[in-house]
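Here's the structure, in structure tokens; my notes come after.
Worth saying up front: this structure is predicted, and the values here are computed from it rather than measured.
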Amino acid sequence: MIYNIIIIGAGHAGIESCISSSKICNKIKLISSNLENLGVLSCNPSIGGIGKSHLIKELEILGGIMGEISDYSRIHSKVLNYKKGESIHSLRYQIDRILYKNYILKILFIKKNIFIEQNEIKKILRFKKKIILIDKFNNLHISKNIILCAGTFINSKICIGKNIFKIGRYNEKTFNLSKSFKKINLYINSLKTGTPPRVDLNYLNYNKLNIQYSDYSYCFSKNFNFNNNVKCFITNTDIILHNFIKKKIKNTSIFLGKISSIGPRYCPSIEDKIYKFPFKNNHQIFLEPESYFSKEIYLNGLSTSLSINNQKKIIKKIFGLEKTIIIRFAYNIQYDYYDPRCLNLSLNIKFANNIFFSGQINGTTGYEEAAIQGFVAGINASRKSIKLPLWKPKKWNSYIGLLINDLIYFGIQEPYRIFTSKSKFRLFLRMDNSVYRLYNLSFLLGTSTNFKLKYNNFFIYNTYNNLFFIFNKNFKNKFFLNKNIIIMSKYYGYIKKYLFKF
């Protein structure tokens, strides 16, 4: 069988590629090296944040599934920048890993036009406008288009202390596809990222920790989850811990120069924090529960590459964690990425237009950025397979366009992360008006379901209908609709200055 699209990798980019392309064409194949990790949250159990929540809301309107799944599996939510203007209000969820993964499996296995296979691709060849994939059993897979969503698994290696292991994650193999792409002269470089240890929640001293309660005011879609009641906690490092890390950092592969690539600026390791901010005596550590069905706590802010013995000693020196036990140890990972400037705005290679790249392979960081790229690549690969014009997102009407334009035109010098401050149209690109900006586009692309189209149409109609009766007796009953109208009028003067430039 000749497939329309073969997707390599089943992370967030691969899943969004599958779902978006399956709404436009048939004969789609998803290949993953381990189906047990289909849709798994590989690092922190959270979705959203500053700028990231805008991406998810736009994805939800256009027909993506990340917002829907996040609403279903959230266990804690927080509104960021609440005291500031509505244009930078952001939503951040703590996610139940198990519920999140199960919901993805449910959606993928229902789809009849998606073929799922556990396999490993060793080589990629182009022959007469077709792509030939050779797996580890030397079988051939032929496709019109492929989407590569390999994440951090291409030529990856893990660093723990002085030890370096050539694996993608614990007990998972790395991909060796770099040789296939060197033949078409793609620029390949390395980046690094890290993950903190996970500890046992049964041994925490909760009396020493600051509690963070959940907010209930916002959601990404209408898939409500009333179990949004799990508490998160905050603790701090101190000068004693900083001095201990300074002594032990000399025994790491990063200090010895075995790993020299650039890491994410906005998610640094504890070692980087200590050296970048030498006059700061403490740093916050956020304790985030991973699931209702797990006793693991994710220590956000304590990413490290120190040895296992030193990690155990670090935990004992943190306020409130003195008696706890590490369940999973922290590590740093270095992986290959391809310069995104070799891509078109539709995320296919300029001189090999039936090969699409999406996710961390383009040098981004974060689930949300990967999901957006997967969505765009999935739409364009499916439209190309049935000979329709490709979609090139614009940066003036969405953060999706801003993300794609930044990657394609400017490239990256460090792992790319979206922020509201990167857009000069941020007063126009708000979470509350995503439906007005992108409703027509979701209809034209054909990626939104009939139910969502009808719901959004009804919502827009009610908003403009209430515009003429804003101070009527039903104001309290239609609070959220009228709130949108007030926000729109608040920013109207600022937005008008930019609209004439479009």
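Under 3.5 Å, the side chains of Asn344 and Ser346 contain no donor-acceptor pair of N or O atoms. When only modelled atom types and interatomic distance are considered, Asn155 and Lys166 share a side-chain donor-acceptor pair under 3.5 Å. For Asp135 and Asn119, the side-chain atoms include at least one donor-acceptor pair closer than 3.5 Å.
For Lys295, the salt bridge (charged side-chain N to carboxylate O under 4.0 Å, His left out) criterion is met by Asp200, not counting sequence neighbours. Partners of Lys29 by side-chain contact (heavy atoms from CB on, under 4.5 Å), not counting sequence neighbours, listed by chain and number: Tyr3, Ile6, Ile31, Phe115, Glu117, His141.
You'll find the side chain of Leu453 reaches within 4.5 Å of the side chain of Ser442, heavy atoms only. Counting only heavy atoms from C-beta outward, the side chains of Tyr367 and Met66 approach each other to under 4.5 Å. The closest side-chain heavy-atom distance from Pro289 to Cys232 is below 4.5 Å. Residues Lys452 and Glu68 meet the side-chain proximity criterion, which asks for heavy atoms closer than 4.5 Å. In this structure the side chain of Leu55 reaches within 4.5 angstrom of the side chain of Ile400, judged on heavy atoms. Contact check for Arg383 versus Leu445: side-chain heavy atoms found under the 4.5 Å cut-off. Side-chain contact between Leu191 and Tyr335: present, with at least one pair of heavy atoms (C-beta onward) separated by less than 4.5 Å. Residues Leu59 and Glu16 have side chains in contact (heavy-atom distance under 4.5 Å, counting atoms from C-beta outward).
Counting all heavy atoms, side chain and backbone alike, Phe319 lies closest to Thr235 at O-OG1, 2.7 Å. Minimum interatomic distance between Ser358 and Cys149 (heavy atoms only, all atoms of both residues): OG-SG, 3.1 Å.
Relative ring orientation between Tyr103 and Tyr72 is described as tilted, the plane-to-plane angle lying within the 30° to 60° band.
Under the side-chain contact (heavy atoms from CB on, under 4.5 Å) test applied with Ile245, the options Lys273, Glu271, Lys313 reduce to a single match, Glu271.
A cation-pi arrangement is not found for Lys384 relative to Phe356, the charged atom failing to lie both closer than 6.0 Å to the ring centre and inside a 45° cone about the ring normal.
For the pair Arg92 and Glu288, the salt-bridge criterion is met [side-chain N within less than 4.0 Å of a carboxylate O].
Ring centers of Tyr93 and Phe220: under 6.0 Å apart, within the cut-off.
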